[in-house]
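As a basis for the values below, the full set of heavy atoms in this structure was taken, side chains included, without hydrogen atoms, waters or symmetry mates. Residue numbering restarts at 1 for every chain, and letters A, B, ... go by the order of the sequence lines. This one's a predicted model, so the numbers in the text were calculated from it and none came from an experiment.
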There are 4 protein chains.
Amino acid sequence: MLRVANTQARQRPRDSVRTRDALIEAAAAEFNRHGYFNTDTNRIAAAAGYAPASFYKHFTDKREVFLEVYAVWVEREWAEIGELLTARMGRRRMPGRLAKAALEHHKRWPLFRADLTALAATDPQVMAARLKSRRRQIDVMTELLCHAGAASPSRARVLSVLLSFERICDAVAWGEAESLGVSERSVLRELRRVLRDLFG
Amino acid sequence: MLRVANTQARQRPRDSVRTRDALIEAAAAEFNRHGYFNTDTNRIAAAAGYAPASFYKHFTDKREVFLEVYAVWVEREWAEIGELLTARMGRRRMPGRLAKAALEHHKRWPLFRADLTALAATDPQVMAARLKSRRRQIDVMTELLCHAGAASPSRARVLSVLLSFERICDAVAWGEAESLGVSERSVLRELRRVLRDLFG
Amino acid sequence: MLRVANTQARQRPRDSVRTRDALIEAAAAEFNRHGYFNTDTNRIAAAAGYAPASFYKHFTDKREVFLEVYAVWVEREWAEIGELLTARMGRRRMPGRLAKAALEHHKRWPLFRADLTALAATDPQVMAARLKSRRRQIDVMTELLCHAGAASPSRARVLSVLLSFERICDAVAWGEAESLGVSERSVLRELRRVLRDLFG
Amino acid sequence: MLRVANTQARQRPRDSVRTRDALIEAAAAEFNRHGYFNTDTNRIAAAAGYAPASFYKHFTDKREVFLEVYAVWVEREWAEIGELLTARMGRRRMPGRLAKAALEHHKRWPLFRADLTALAATDPQVMAARLKSRRRQIDVMTELLCHAGAASPSRARVLSVLLSFERICDAVAWGEAESLGVSERSVLRELRRVLRDLFG
DNA sequence: TATGAATGAGATTTCATTCAT
DNA sequence: CATGAATGAAATCTCATTCAT
């Protein structure tokens, strides 16, 4: 997850960038395993194989790593989606593919996603980062629709679809769907339907 | 706000209940103002006008008050929705009314809602409470649709709509919509559309 | 010194004011024994017989206790000087008495005085407190001179005398005078002379 | 500032000396800007353009650089005063010139002077350095007075004048005088008076 | 000689929780 | 029932100092 690299750690005490990446990676894992609020900076440092103080050479704050983790997370998501979008495929199969990819991505980061929401509600910077990512989503989606020859939908419409899509993915990732007796297969159907509403 | 059942009882026991209610109410306000994770139990007690130790006479945990706050919150929501549902009105106007009511409710509890999500992802009890409430939502919704003579939709379909609906309301409550240049008016349109998809 | 009270500590876990005073007293002693910059809040708490966290119930900062200690210190000094001033004595003996009293006071607080200077240079609040005390000194001195029938001297003159006086006292308190082979007796002579320059 | 002896030597040794000097200079600037206790050795190294470890190649301690800075500072002061003393001028103008020069010097090093006092009170080595410098002051002053034909004053008298003089200069450098509504011009008058008391 | 990433040691601070009253 | 002073335990953060290169 998030690069791998953990192999042979502690090797040369070199390379600030490597250390930083290792810390981000470790933070991502810890956040996602125990939740942001149950993870302290000591844990992160230790998980990456460093002393507590080392954390503060690279980040001022737990908040700051979180932002970095989020940046990486977004990049990853776009990389995955980018692949899908460039892959030539019929418009027909697109929604299904997108749904599957997004669902997988969310399932990989359940706690992280949950905390993101809580943090964004409190921390303006996290919110700003999230909004930035959202704008990009909207723009790409809109452009995609143009290409597909669909009638250009309102911003509100696109946003609404993106939010719905995301929330439904989260419900699967968090186990809500399953607990409510809704199978992943049927969720996928709903996801496709949400998208198709847009693609027309 | 969060006014609590004032069915009075004996003289003495009332005191205890009153205190407890005051603490719950104070907790709700603090959680919603500063966020669950930035609120400590001493603060809650102080906000309710009690000493720190008093908090622990009534709850074992911060988690426990949260659960109580959530219970009250749910009750409130259902009370509001219940009013709407019993009020005789044409099916036509129903989606619009529901959307407006839900939106108002969410706007009143932005931080609380955000933390709820984060907590549910970590804490089984919170998740359980949330699932219980969700089941009820699904059931009521399903029944409502029957009454309306709509074709009975799948559980997945109902869940998907509820999640979407909720998430879009949150986006307004958290200021996401506004920051993205999407007006509340157009969000309401989307909310109605989401519901109408269901009501047929 | 500074109240005494340390007797029987830990008694009743009562009385916030008592605790606060004990902390101030302990802080004063520690500051004066090891210096402000070599004293940490844990030490202060421990010296007063409390746990580290207790310190923070009463002060936000090491800086804050310092300010309190300073306030107490100033009060003490004025109490001593006040006694002298009210005691009826010939103008002749006044300078000698003042010199002796001040010297004793300074000798009791050598490190504290040294740190006060360093802190005032950095921290506006400490400087402000010091200036306030200085203004009072100047005013009292000026009034005293009027009463003594001396020609009213300029503010600059009074300030200059006060500073000189103080610095010479410090030199004894810090052991500078002794190291330079200047006896306390001859320093006292100089202190009297400095004052007599003013009293005419 | 604090320019250091640039008597060059061999090619190689120069580098080491240069680095050392750069560190001393940087330390002086940092100490005077942020105060000794708010300056860490990494900062000093960085300010001089070196890595943290380099600092420890040249000094064992923060204390040690401070001593070095002090040595340079004293040298500077004497250089300035030496110029004055050798410059042929009437005894009349001497006190005024000395006062002006000293005042300027102090104004250039406010924080450094304040910390010097605090450190001397705690650290025997700093005290020793200060005493050494003080002895020199006393000796030069005494000699000067002989030359001027004044009656040879007691050591106590000379010390008292030096301390007063210094403290009044500091009061200007630290902004005390100004805050108390005492102009620099009137302070200068007092400084001259203090000296004239000695020169008779 | 210089580096700079890394850290041990410890200071600062917070907070849920208790206990004597 | 209520208190509120007190704290154990732990998280956050700093900094002088080292070590492999």
Between [options], which nucleotide gets closest to the side-chain atoms of [X]?
X        : options                   : answer
Ser16(C) : dC15(F), dA5(F), dT12(E)  : dA5(F)
Tyr50(B) : dC15(F), dT3(F), dT18(E)  : dT3(F)
Pro52(A) : dT17(F), dT13(E), dC13(F) : dC13(F)

Report the distance from atom [atom1] of [X] to atom [atom2] of [N], rounded to the nearest whole Å.
X        : N       : atom1 : atom2 : result
Phe37(B) : dT14(E) : CZ    : C1'   : 16 Å
Ile44(C) : dT12(E) : CD1   : C1'   : 12 Å
Glu64(A) : dT12(F) : CD    : C1'   : 15 Å
Asn38(B) : dT14(E) : CG    : P     : 13 Å
Glu30(D) : dA16(F) : CD    : P     : 12 Å
Asp15(A) : dA20(F) : CG    : P     : 19 Å
Asp40(B) : dA10(F) : CG    : P     : 18 Å
Arg43(D) : dT14(F) : CZ    : C1'   : 13 Å

Distance check, rounded to the nearest 0.5 Å: [X] atom [atom1] versus [Y] atom [atom2]?
X         : Y        : atom1 : atom2 : result
Leu23(C)  : His58(C) : CG    : NE2   : 6.0 Å
Leu119(B) : Phe37(A) : CG    : CZ    : 8.5 Å
Leu67(B)  : Asp61(B) : CG    : CG    : 9.5 Å

At 4.0 Å (heavy atoms only), tell me whether [X] reaches a base, stays on the sugar-phosphate, or touches nothing.
X        : answer
Asn42(C) : base
Asp61(D) : sugar-phosphate
Phe55(B) : nothing
Ser54(D) : base

_N/O donor-acceptor pair, side chain Lys57(A) with base dT7(E), under 3.5 angstrom_ = yes
*When Leu111(B) is tested against each of Asn32(B), Leu116(B), Thr39(B) for side-chain contact (heavy atoms from CB on, under 4.5 Å), which residue passes?*
Asn32(B)
*Would you mind listing every salt bridge (charged side-chain N to carboxylate O under 4.0 Å, His left out) that reaches into residues 29-58 of chain D, with sequence neighbours excluded?*
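For residues 29-58 of chain D: Glu30(D)-Arg43(D).
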Check this one for me: any side-chain N or O of [X] less than 4.0 Å away from OP1 or OP2 of [N]?
X        : N       : result
Thr41(B) : dA16(E) : yes
His58(D) : dT1(E)  : no
Tyr56(A) : dC13(F) : yes

*With nearest nucleotides of DNA chain F determined for Thr60(D) and Thr60(A) from heavy-atom distances, which residue corresponds to the more 5′ nucleotide?*
Thr60(A)
*DNA chain F: Ala51(B) or Ala53(A), which has the more 5' nearest nucleotide?*
Ala51(B)
*For the ring pair Tyr70(A) and Phe66(A), is the centre-to-centre distance below 6.0 Å?*
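Centroid distance Tyr70(A)-Phe66(A): not below 6.0 Å, so no.
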_Checking base pairs now: Watson-Crick or wobble, both atom distances under 3.5 Å. What partners dC19(F)?_
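Partner of dC19(F): dG4(E).
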